[in-house]
Q: 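Take this structure, written in structure tokens, and hold onto it; I'll ask about it next.
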Amino acid sequence: MNHGFESLETTGGRRWIKDQPPAIHHEDLQLAPQPFVTGWNRAIQRDVPVPARSLPLGIVRPKTICIPIQSPRVPVRSFLFSEPASLAGRFAAAGGEQPTAGSSAARPPGATLRSTTRVRPPTDVIKLEDRLAYLLQPSLEMLLAERWLDFPFAPFPYQMEGIAFLYARQAAVLADEMGLGKTMQAITAIRLLLRCGEIRSVLLVCPKPLVSNWKREFDQWAPEIPVAIVEGDQRRRHWQWQLADVPVKIANYELMLRDRELFEGRGPEAEGRLRFDLAVLDEAQRIKNQRSTTSQIVRSVARRRNWALTGTPVENSAEDLVGIFEFLVPGHLSPEMKPSTMGRSVSDYVLRRTKDKVLTELPPKMFRDAELSLLPEQQETYRLAEDEGVLRIGEMGDQATIQHVFELILRLKQICNFDPATGASVKFERLEADLEEVAASGRKALVFSQWVSTLRRLSGQLERFGPLEFHGKIPPGQRGEVIERFRHSPDKHVLLISYGAGGVGLNLQFCEYVFLFDRWWNPAIEDQAVNRAHRIGAAGPVTVTRFLMLDTIEERINLVLEEKRELFDTIFSGAEQRHKKLGMTQAEIFGLFDLRSPGGPIRYVA
């Protein structure tokens with residue numbers, strides 16, 4: 001038998017035999033380590049003393065020689081566009097004329113005009129040849145002189161800068177404060193572009209009450225340019241739109257809605273879709289809501305250049321500016337931007353100047369708040385109306401809407417003006433006393449209210465002051481006559497005017513007193529009203545009296561709005577601040593009466 005195998009006798013084969021497992025033995029050695037303490041560890045931890053010695057080296061200091069290497073001088077040849085000899089004389093002659101009170105850019109005699117206004121190239125110009133074209137252009141004054149563009153009055157230096165700003169830009173917002181002559185600047189820039197051959201067709205869209213004002217301004221500042229006001233029935237308007245020899249066409253926003261097929265390329269006129277080299281929007285805040293029909297139609301106009309004119313690009317929130325830029329540069333802004341970021345993004349597109357910055361000679365604007373208390377009969381009526389209104393809205397619970405609160409607020413504000421039962425009004429008593437002084441001094445005053453009924457009531461009670469009315473109930477064709485009568489009649493001391501009809505487009509700088517009989521929801525609207533009188537050509541300081549009834553809804557609204565005036569300055573000054581609204585939110589309106597706002601979308605009051 002071999003190792004590991006055995007023979008089988010029956011078969012003659014072999015099979016493997018498994019070996020036996022080895023034996024295992026365990027042994028516990030129990031070896032314990034024994035430490036031996038020595039001094040080496042402590043010796044290693046001790047620092048080794050290193051002896052040091054100082055040896056003086058008597059070596060002479062090396063000398064240093066400075067050899068200036070001068071850069072080679074590069075020869076430069078400069079070219080200077082000399083101003084024509086007649087240029088200064090022409091502007092001086094224009095500036096020496098006596099300005100009229102109705103001019104939107106009238107300039108006091110003797111004021112100096114800076115004779116070099118450079119055309120600033122936009123930052124988005126990429127091609128070198130385009131940038132050189134701007135840099136090598138002569139001054140704006142020389143461009144105007146070469147084409148013999150005269151002015152009835154010499155513009156202010158800041159107005160020349162505004163003209164140069166618009167002239168160079170495909171998309172621009174002229175956001176000067178009201179009364180600084182945005183109309184004149186836009187007309188002059190359009191005039192220069194037409195005379196240079198850079199544009200041939202212009203569409204100017206403005207509110208309906210301002211159409212005739214724009215026509216007058218064109219006649220004054222650009223008398224050689226043909227201007228057509230698009231109006232009348234559909235057949236007449238179609239003919240006016242197709243006038244090729246009239247470069248400037250003026251239309252109101254409502255008319256754009258009626259003729260939308262001509263701009264959107266739909267319907268039978270699709271093949272003849274209107275196209276313009278330049279589209280200008282006056283009071284551009286009209287398109288602040290980009291979802292509105294007006295905004296959509298205006299944005300559908302085919303054009304190469306876009307300008308927007310507005311003194312209040314932000315009325316309620318930063319989204320207003322986003323809506324305007326959807327017309328100018330679609331997608332450039334978004335509502336999620338912080339105000340400071342938005343301000344940096346629009347800095348090259350927006351030119352904003354205020355009166356206190358550019359018109360140091362403009363008379364001051366003085367505010368005085370007439371804080372009054374309700375008369376006893378007014379107080380009782382007000383208390384009953386507020387208690388009943390708040391109780392009714394509270395009982396409605398979640399069924400209450402913002403409209404219900406509006407109705408209560410308007411009711412209370414009307415009681416603050418006049419008691420509906422007795423006609424008592426502490427506001428009227430104060431207004432009447434102030435107008436006595438105004439009339440005695442031969443001055444004129446504006447009285448603003450949001451209700452036509454209030455204005456008509458005041459008109460009946462102020463007959464001895466020769467009041468005139470200017471509001472939505474006055475036909476548009478008669479409004480110009482009303483302004484002229486008020487301007488030239490010495491016995492007409494008061495113009496009763498509504499915020500809606502007189503907030504924009506009027507030049508009333510011959511008035512030195514403004515009364516806000518009741519307050520608007522938005523401080524920007526009040527600023528528009530005040531600036532009807534406080535503008536270029538103002539005869540003297542403008543005194544603004546704001547009536548405010550203490551312990552009423554007027555005082556509560558005023559406190560909320562005063563906290564929200566900072567958004568506009570934040571965007572255009574670059575300051576860091578949280579998003580705020582100038583208008584009032586739904587929650588804030590309910591909060592005026594300590595009511596809980598129901599769920600739903602947040603709305604804002606203009």
Q: Side chains of C206 and I250, heavy atoms from C-beta outward: is any pair under 4.5 Å?
A: yes

Q: Indicate yes or no: at least one non-hydrogen side-chain atom of V280 is less than 4.5 angstrom from one of L309.
A: yes

Q: Parallel, tilted or perpendicular: which fits the ring planes of W241 and F276, with parallel below 30° and perpendicular above 60°?
A: perpendicular

Q: If you round to the nearest 0.5 Å, how far is CG of L446 from CD1 of I497?
A: 6.0 Å

Q: Should the ring pair W520 and Y499 be called parallel, tilted or perpendicular, given that the plane angle runs from 0 to 90° and is split at 30 and 60?
A: tilted

Q: Between D518 and K413, does any NZ, NE, NH1 or NH2 come within less than 4.0 Å of an OD or OE carboxylate oxygen?
A: no

Q: List the steps and the verdict of side chain to side chain contact (heavy atoms under 4.5 Å, CB included) for K473 and R456.
A: CA-CA 11 Å; K473 299 295 183 179; R456 288 181 169 174; 3.3 Å; yes

Q: If we only count heavy atoms from C-beta on, is the R169 to D348 side-chain gap below 4.5 Å?
A: yes

Q: So, taking the atom named CG in N213 and the one named CD1 in I483, what distance separates them when rounded to the nearest 0.5 Å?
A: 10.5 Å

Q: Please determine whether side chain to side chain contact (heavy atoms under 4.5 Å, CB included) holds for the pair L278 and R303, giving the CA-CA distance in whole Å, both sets of side-chain angles, and the decisive distance to 0.1 Å.
A: CA-CA 6 Å; L278 170 64; R303 74 275 183 193; over 6 Å; no

Q: Looking only at side chains, do S453 and R457 share a donor and an acceptor under 3.5 Å apart?
A: no

Q: With the side chain counted from C-beta on, respond yes when K444 and E512 share a heavy-atom pair under 4.5 Å apart, and no when they do not.
A: no

Q: Checking K208 against Y253: charged group under 6.0 Å from the ring centre and within 45 degrees of the axis?
A: no

Q: Nearest heavy-atom pair of A308 and A284: which atoms, and what distance?
A: CB-CB, 3.7 Å

Q: Please evaluate residues R299 and S295 with respect to the criterion side chain to side chain donor-acceptor pair (under 3.5 Å), reporting the C-alpha separation (whole Å), side-chain torsions for both, the decisive distance (0.1 Å), and the verdict.
A: CA-CA 6 Å; R299 284 183 285 151; S295 175; 3.1 Å; yes

Q: In terms of side-chain heavy atoms, does Q234 have a donor or acceptor partner in H238 at a distance below 3.5 Å?
A: no

Q: Could you tell me whether E283 and K288 have a side-chain N and a carboxylate O separated by less than 4.0 Å?
A: no

Q: Looking at R304 and D277, does any basic side-chain N land under 4.0 Å from a carboxylate oxygen?
A: yes

Q: Where the side chain of R260 meets the backbone of M256, is there a donor-acceptor pair that is under 3.5 Å apart?
A: no

Q: Should the pair R191-E224 be classified as a salt bridge under the 4.0 Å nitrogen-to-oxygen rule?
A: yes

Q: Just checking, any donor-acceptor pair under 3.5 angstrom between side chains of Q159 and D176?
A: no

Q: With R479 as the cation and F470 as the aromatic partner, state whether NZ or CZ is under 6.0 Å from the six-membered ring centre and within 45° of the axis.
A: yes

Q: Any chance you could measure I229, atom CD1, to L204, atom CG, to the nearest 0.5 Å?
A: 10.5 Å

Q: Would the Y349 and H332 ring centres measure less than 6.0 Å apart?
A: yes

Q: Using a 3.5 Å distance criterion without hydrogens, assess whether the side chain of Q185 forms a donor-acceptor pair with backbone atoms of G181.
A: yes

Q: Report the C-alpha separation of T188 and Y167 in whole Å, then their side-chain angles, then the decisive distance to 0.1 Å, and conclude whether the side chain to side chain contact (heavy atoms under 4.5 Å, CB included) test is met.
A: CA-CA 9 Å; T188 304; Y167 175 76; over 6 Å; no

Q: Please lay out, stage by stage, how V227 and W214 fare under the test side chain to side chain contact (heavy atoms under 4.5 Å, CB included).
A: CA-CA 10 Å; V227 177; W214 270 98; over 6 Å; no

Q: Go through the steps for Q450 and S498 under the test side chain to side chain donor-acceptor pair (under 3.5 Å), then give the verdict.
A: CA-CA 5 Å; Q450 66 184 101; S498 67; over 6 Å; no

Q: Do F517 and L455 have side-chain heavy atoms sitting under 4.5 Å apart?
A: no

Q: Going from CD on Q290 to CZ on F325, what distance comes out if it is rounded to the nearest 0.5 angstrom?
A: 13.0 Å

Q: Of all the heavy-atom pairs spanning K492 and G466, show the shortest one and how long it is.
A: CD-O, 3.2 Å

Q: Can you give me the closest heavy-atom contact between N252 and P207, atom names plus distance?
A: CB-C, 4.2 Å

Q: Is there a donor-acceptor pair closer than 3.5 Å between any side-chain N or O of R546 and the backbone N or O of F367?
A: no

Q: Can you see which heavy atom on V542 is nearest to which on C511, and at what distance?
A: CG2-O, 4.2 Å

Q: Compare all side-chain heavy atoms of V246 with those of Q240 and state whether any distance is below 4.5 angstrom.
A: no

Q: Quick check: do I199 and V202 have side-chain heavy atoms less than 4.5 Å from each other?
A: yes

Q: One pair to check against side chain to side chain donor-acceptor pair (under 3.5 Å): Q285 and T310. What are the steps and the verdict?
A: CA-CA 7 Å; Q285 66 271 16; T310 173; 2.7 Å; yes

Q: Less than 4.0 Å between a side-chain N and a carboxylate O, is that true for E254 and R286?
A: yes

Q: Look at the rings of F515 and Y513 and say which category their plane angle falls in: under 30° parallel, 30 to 60° tilted, over 60° perpendicular.
A: parallel

Q: Let's go through E469 and S459 carefully: what are the C-alpha distance in whole Å and the side-chain angles of both, what is the deciding distance for side chain to side chain donor-acceptor pair (under 3.5 Å) to 0.1 Å, and is it a yes or a no?
A: CA-CA 8 Å; E469 298 180 33; S459 179; 3.3 Å; yes

Q: CZ of R305 to CG of L328: how many Å apart, nearest 0.5 Å?
A: 13.5 Å

Q: Can you tell whether the side chains of K182 and D282 come within less than 4.0 Å, N to carboxylate O?
A: no

Q: Are the side chain of S489 and the backbone N or O of R485 linked by a donor-acceptor pair below 3.5 Å?
A: yes

Q: Of N306, V205, V173, I324, which meets side chain to side chain contact (heavy atoms under 4.5 Å, CB included) against L281?
A: V205

Q: Is it the case that more than 12 heavy atoms not belonging to R258 sit under 6.0 Å from its CZ atom?
A: yes

Q: Any side-chain heavy atom of V530 sitting closer than 4.5 Å to one from D527?
A: no

Q: Work out which heavy atom in R273 is nearest to a heavy atom in S300; give both atom names and the distance.
A: NH2-O, 2.5 Å

Q: Got a sec, which pairs hit salt bridge (Lys or Arg N to Asp or Glu O under 4.0 Å) with one end in residues 232-248, sequence neighbours left out?
A: R237-D259

Q: For the CD1 atom of I474 and the CD atom of E481, what is their distance to the nearest 0.5 Å?
A: 10.5 Å

